[in-house]
Amino acid sequence: MADTLPPAGTIKGELGKSQPVPDESADPNFMTSLARGLSVIRAFTEREPNLTIADIAKITGLPRAAARRCLLTLMQLGYAGSDGRTFFLKPKILALGYSFLSSAPLATILDPLIEQVSAAVQESCSAGVLDEDDVVYIARAATKRIMSVGLNVGSRLPAYCTSMGRILLAAMPEAELDAYLARVPLKPFTERTITVPDTLKRELERVRERGFALVDQELELGLRSIAVPIRTAAGGVVASVNVSTQAARVTCPEMEVQFLPRLLRAADEARILLVRSRGA
């Protein structure tokens, strides 16, 4: 268990991290300019909606000249705007995410199901998938804001200290999980965060045995969440769904009694709908 708390703004930094642009020489088909533009878009977060060229360069690791060209290109295309000193994303950027949501049967199927769960338990409910080393939210029904960082579709959180993330990590083949643990630093977000790889592996084994993950205040103090897997007909895990609540309002045992059965029913229904959507 961690002995120290992370510095202020750690969660914000994790949410707003931008992946370094790979070396174009490694693949002649790789378009560096496109990768740089996407990196610039990902630099903007709810906490940092307005960024200067220097901010963008620092977050993305790009030269300032390259960051400036990306921003000006995004402005000309209508995806970004500027107040003369800082830059910000414009509503047109939503079209990029909508292209995924409107064409992805998984998000379409899960959205009404998590709305039903949220309405029944009167707590926030979400669905997510694993992207790189993070959980990415693909559907969300929020009854109230329970984190210091607002979560929406497209938000990213570390997989190792979130209930949805642990469901997805527990489903990984052992070799992939070992590679993940070797690659990802297990930073402490609270004094409860599991930061020892072997301890996390034991917890993931427990998740596999129980069929659900319950995380108690490891991402943020006062926040508890419970998650279950969304499976295909063949049994593979393609996503996870969770219910999050304030620790002061619901105990861990109460979460298993009140929330887990509804999550399991939603997961079963999602599996059936996925099979139908794919004509299986």
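Both backbone and side-chain heavy atoms feed into the values below; hydrogens, waters and symmetry mates do not. Small disclaimer: the values here were computed from a predicted structure and weren't measured.
Atom CZ of Arg85 sits in a sparse spot, with 12 or fewer heavy atoms from other residues, nucleotides or ligands closer than 6.0 Å.
Note that the CE atom of Met75 and the CZ atom of Phe88 stand 7.5 Å from one another [nearest 0.5 Å]. Taking CG from Leu263 and CD from Gln258, the interatomic distance works out to 12.0 Å, rounded to the nearest 0.5 Å. Taken from CG in Leu274 to OG1 in Thr232, the straight-line distance is 8.0 Å, to the nearest 0.5 Å. To the nearest 0.5 Å, the span separating CZ on Arg156 from OG1 on Thr45 amounts to 13.0 Å. Rounded to the nearest 0.5 angstrom, Lys58 NZ and Leu51 CG are separated by 11.5 Å. For the atom pair Arg68 CZ and Thr73 OG1, the distance stands at 10.0 Å (nearest 0.5 Å).
Side-chain heavy atoms closer than 4.5 Å link hydrophobic residues (I, L, V, M, F, W, Y) into clusters, and following such links, even through other members, never connects Val121 to Val257. No chain of hydrophobic side-chain contacts below 4.5 Å, direct or via other Ile, Leu, Val, Met, Phe, Trp or Tyr residues, connects Val215 to Leu130. Follow the hydrophobic side-chain contacts under 4.5 Å out from Ile56 and you reach Leu74 in the same cluster.
Across all non-hydrogen atoms, the minimal contact from Ala239 to Leu110 is CB-CD1, 4.3 Å. Closest heavy-atom contact between Met164 and Gly128: SD-N, 3.4 Å. Of all the heavy atoms in Ile114 and Ala139, the pair that sits closest is CD1-C, 3.3 Å. The two residues Leu113 and Leu273 make their nearest non-hydrogen contact at CD1-CD1, 4.4 Å. Here the shortest heavy-atom pairing between Val237 and Arg231 reads CG2-NH1, 3.4 Å. Among all heavy-atom pairs drawn from Ser118 and Ser124, the shortest one is OG-CA, 4.3 Å.
Distance alone, capped at 3.5 Å, places no donor-acceptor pair between the Gln217 side chain and the Leu223 backbone. Between the Arg140 side chain and the Asn152 main chain, no donor and acceptor come within less than 3.5 Å of each other. The main-chain N or O of Arg265 is never found under 3.5 Å from a side-chain atom of Asp268 such that the two would form a donor-acceptor pair. Put simply, the side chain of Asp134 never gets that close to the backbone of Val136: no donor and acceptor are under 3.5 Å apart. Listed for the Arg166 side chain is no donor-acceptor partner under 3.5 Å among the backbone atoms of Ala227. Between the side chain of Tyr160 and the main chain of Lys187, a donor-acceptor pair closer than 3.5 Å is present. Under a 3.5 Å cut-off, the side chain of Lys92 and the backbone N or O of Leu77 do form a donor-acceptor pair. Counting only distance, with no hydrogens or angles, the side chain of Thr162 and the backbone of Pro158 share a donor-acceptor pair below 3.5 Å. A donor-acceptor pair under 3.5 Å is absent between the side-chain atoms of Arg224 and the main chain of Ser244, judged by distance alone. For the pair Thr193 (side chain) and Glu218 (backbone), a donor-acceptor distance under 3.5 Å is present.
Counting heavy atoms from C-beta on, the side chains of Arg249 and Glu254 never come closer than 4.5 Å. Looking at heavy atoms from C-beta onward, Val129 lies out of side-chain contact with Val238 at the 4.5 angstrom threshold. Taking the side chain as every heavy atom from C-beta outward, Phe87 and Val40 never approach each other to under 4.5 Å. At least one side-chain heavy atom of Val250 sits under 4.5 Å from a side-chain heavy atom of Glu123.
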side-chain contact (heavy atoms from CB on, under 4.5 Å) evaluation trace for Ile59 with Arg42: CA-CA 9 Å; Ile59 293 170; Arg42 290 182 59 183; over 6 Å; no
Test side-chain contact (heavy atoms from CB on, under 4.5 Å) applied to Ile226 and Ser163, step by step: CA-CA 6 Å; Ile226 186 169; Ser163 60; 5.7 Å; no
Check against side-chain contact (heavy atoms from CB on, under 4.5 Å), Leu186 and Val196: CA-CA 7 Å; Leu186 306 182; Val196 179; over 6 Å; no
Derivation and outcome, side-chain contact (heavy atoms from CB on, under 4.5 Å), residues Leu204 and Met172: CA-CA 10 Å; Leu204 294 177; Met172 276 185 172; over 6 Å; no
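Between Thr86 and the options Asp55, Ile53, Asn50, a side chain to side chain contact (heavy atoms under 4.5 Å, CB included) holds for only Asn50.
In this structure, Arg210 pairs ionically with Glu256, as a charged nitrogen and a carboxylate oxygen lie closer than 4.0 Å.
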